[in-house]
Amino acid sequence: MLPDKYAYLILALLYMVPWTVVFIKSPFKRGMLKVGAVGGLMGVAAEVWYFRDYWRPPTLFGQAIPGIEDYIIGFAMFGVGGYIHSSFTKREIDYSRTSKPKYKDFFWIFITGIGSLTVFSMGFGIHSGYVTFITFFLLSAYIWTQRPDLIGISWISAVATGIITFVIYYINFNLLFPHFWDEYGMLDDKPLLGIRVANIPLSEMLWHFSWAMLCSMFRGYRNGVYYK
């Protein structure tokens, strides 16, 4: 049996498998790499919130210490969630239809997301699992009101990423490390979040689903890009 310190690393590396498939098929490879680089940094920074009340996983550097695992999975999740729709739907950019880029609005969406997690999770003590899912959903809804053409892309990406996540988590937390969430999770006593399906916390599925729902719209919304 593999030592527990490899559980998170293997999870992250498993996520790189669909990332590689999406990357090969993506027409926006350079953008996917740039987004992934930022996503990796965000994956490391996010543990400021999640190590407090969500989980305390063993890593290569010790228990609940941010490391290479966070960077790899952040890199992969930004790429898969953000580009899976363009890789498999084959929808091309409609150059005859553009709108003014929303760089400033996108910046404030980013700040709002960070602020929400910080204020409600760390300030008011609301569990980060609830705050994350609700924040991602509300920010998605905000973008939908301005760009309803992105709703379909958003939902397709969320469902596809959810299926991928379920398969990865099933392998890692049923076949390799079935005891992981019992020992390192902090979700069991939380309504909804602690529910498990095939030994996978519902919170994890909601996290990945809502994240893909949101980040799949970033490129189109920020750059004023439409698809046909």
Side-chain angles (χ1 to χ4, degrees), residues 8 11-12 15 34-59 61 63-82 102-146 150 154-155 157-158 161-162 165 169 181 184-195 200-219 221-222:
Y8 190 14
L11 177 70
Y15 227 108
K34 290 180 179 179
V35 165
V38 175
L41 296 176
M42 289 301 299
V44 175
E47 300 299 8
V48 170
W49 302 297
Y50 298 127
F51 283 166
R52 293 176 62 256
D53 62 4
Y54 195 95
W55 67 342
R56 297 187 62 80
T59 70
F61 300 113
Q63 187 168 357
I65 298 177
I68 186 63
E69 300 92 343
D70 296 300
Y71 189 90
I72 293 172
I73 201 165
F75 180 93
M77 289 191 303
F78 268 66
V80 172
K102 292 181 175 291
Y103 300 128
K104 184 181 293 185
D105 287 4
F106 181 77
F107 171 77
W108 285 113
I109 286 175
F110 178 77
I111 294 299
T112 299
I114 293 177
S116 176
L117 276 163
T118 302
V119 171
F120 291 106
S121 177
M122 301 178 70
F124 290 99
I126 302 173
H127 195 279
S128 61
Y130 299 119
V131 177
T132 301
F133 169 67
I134 294 172
T135 297
F136 288 169
F137 181 81
L138 291 179
L139 290 177
S140 296
Y142 173 75
I143 295 177
W144 294 340
T145 63
Q146 299 182 67
L150 295 175
S154 177
W155 280 97
S157 301
T161 302
T165 300
Y169 272 61
W181 290 103
Y184 307 110
M186 304 167 71
L187 302 168
D188 286 346
D189 62 339
K190 303 297 185 292
L192 185 65
L193 300 181
I195 296 174
I200 303 168
L202 182 59
S203 176
E204 285 293 281
M205 297 304 301
L206 291 174
W207 199 108
H208 288 271
F209 183 92
S210 59
W211 169 244
M213 178 183 289
L214 175 61
C215 78
S216 60
M217 298 186 286
F218 284 168
R219 187 175 189 276
Y221 179 76
R222 181 191 64 235

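These numbers come from a predicted model, not from an experiment. Any value given below was found using the heavy atoms of this structure, including those in side chains, with hydrogens, waters and symmetry copies removed.
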Asker: Are Trp211 and Phe136 side-chain neighbours, meaning at least one heavy-atom pair lies under 4.5 Å?
Answerer: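 They are in contact (side-chain heavy atoms under 4.5 Å apart), so the answer is yes.
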Asker: Where does the angle between the aromatic ring planes of His127 and Tyr130 fall among parallel (under 30°), tilted (30 to 60°) and perpendicular (over 60°)?
Answerer: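 Perpendicular.
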Asker: Among pairs that include at least one residue of residues 63-81, which meet side chain to side chain donor-acceptor pair (under 3.5 Å), considering only residues two or more places apart or in two chains?
Answerer: Tyr8-Asp70
Asker: Enter the distance from Ser128:OG to Phe133:CZ here, rounded to the nearest 0.5 Å.
Answerer: 14.0 Å
Asker: Please give me the minimum heavy-atom distance between Ala158 and Ala212, naming the atom from each residue.
Answerer: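 Closest pair (atom of Ala158, atom of Ala212, distance): CA-CB, 3.9 Å.
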Asker: What's the spacing between Leu117 CG and Ile134 CD1 if we round to 0.5 Å?
Answerer: 11.0 Å
Asker: Rounded to the nearest 0.5 Å, how far apart are OG of Ser140 and OH of Tyr221?
Answerer: 12.0 Å
Asker: Kindly give the heavy-atom pair with the smallest separation between Met186 and Trp55, and that separation in Å.
Answerer: SD-N, 3.7 Å
Asker: Hey, mind stepping through Tyr142 and Thr112 against side-chain contact (heavy atoms from CB on, under 4.5 Å) and telling me if it holds?
Answerer: CA-CA 12 Å; Tyr142 173 75; Thr112 299; over 6 Å; no
Asker: Scan for salt bridge (Lys or Arg N to Asp or Glu O under 4.0 Å) pairs involving residues 103-124, sequence neighbours excluded, and state none if there are none.
Answerer: Lys102-Asp105
Asker: Considering only distance and modelled atom types, tabulate donor-acceptor pairs under 3.5 Å from the side chains of residues 200-207, sequence neighbours left out.
Answerer:
residue	atom	partner	partner atom	Å
Ser203	OG	Tyr54	OH	2.7
Glu204	OE1	Tyr169	OH	2.3
Glu204	OE2	Tyr54	OH	2.4
Trp207	NE1	Tyr50	OH	3.0

Asker: Under the ring pair (Phe, Tyr, Trp, His ring centres under 6.0 Å) test, which residues partner Phe137, sequence neighbours left out?
Answerer: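 Once residues adjacent in sequence are excluded, the partners of Phe137 under the ring pair (Phe, Tyr, Trp, His ring centres under 6.0 Å) criterion are Trp144.
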Asker: Say whether, by atom type as modelled, one donor and one acceptor occur between the side chain of Ser116 and the main chain of Gly113 under 3.5 angstrom.
Answerer: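 Judged by distance alone, no pair lies under 3.5 Å.
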Asker: Under 4.5 Å between any side-chain heavy atoms of Trp49 and Ile114, yes or no?
Answerer: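 Yes, at least one pair of side-chain atoms sits under 4.5 Å.
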Asker: List in chain and number order the residues that pass ring pair (Phe, Tyr, Trp, His ring centres under 6.0 Å) with Phe75, two or more places apart in sequence or in another chain; answer none if no residue qualifies.
Answerer: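 Scan of Phe75 (ring pair (Phe, Tyr, Trp, His ring centres under 6.0 Å), adjacent residues dropped) gives Trp19.
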Asker: Has Ser216 got a side-chain atom pairing as donor or acceptor with Met213's backbone, closer than 3.5 angstrom?
Answerer: yes
Asker: Below 4.5 Å, heavy atoms only, C-beta onward: do Leu214 and Ile143 meet side chain to side chain?
Answerer: yes
Asker: Which distance, rounded to the nearest 0.5 Å, do you find between the CG of Leu139 and the SG of Cys215?
Answerer: 12.0 Å
Asker: State, yes or no, whether a side-chain contact exists between Phe124 and Val119 at a heavy-atom distance under 4.5 Å.
Answerer: yes
Asker: Kindly state whether the ring of Tyr103 and the ring of Trp108 have centres lying under 6.0 angstrom apart.
Answerer: no
Asker: So which heavy atom on Val44 is nearest to which on Pro66, and how close?
Answerer: CG1-CB, 3.9 Å
Asker: With respect to Phe218, which candidate in Phe107, Phe106, Phe78 satisfies the ring-ring contact (aromatic ring centres under 6.0 Å, His included) definition?
Answerer: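 For Phe218, the ring-ring contact (aromatic ring centres under 6.0 Å, His included) test succeeds with only one of Phe107, Phe106, Phe78, which is Phe106.
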Asker: Output every pair passing salt bridge (Lys or Arg N to Asp or Glu O under 4.0 Å) with a member in residues 40-55, not counting sequence neighbours, ordered by first then second residue.
Answerer: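 Applying salt bridge (Lys or Arg N to Asp or Glu O under 4.0 Å) to every pair that reaches into residues 40-55, excluding sequence neighbours, yields nothing.
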Asker: When you look at Val48 and Met122, which way does the side-chain contact (heavy atoms from CB on, under 4.5 Å) test go after all the steps?
Answerer: CA-CA 9 Å; Val48 170; Met122 301 178 70; 4.2 Å; yes
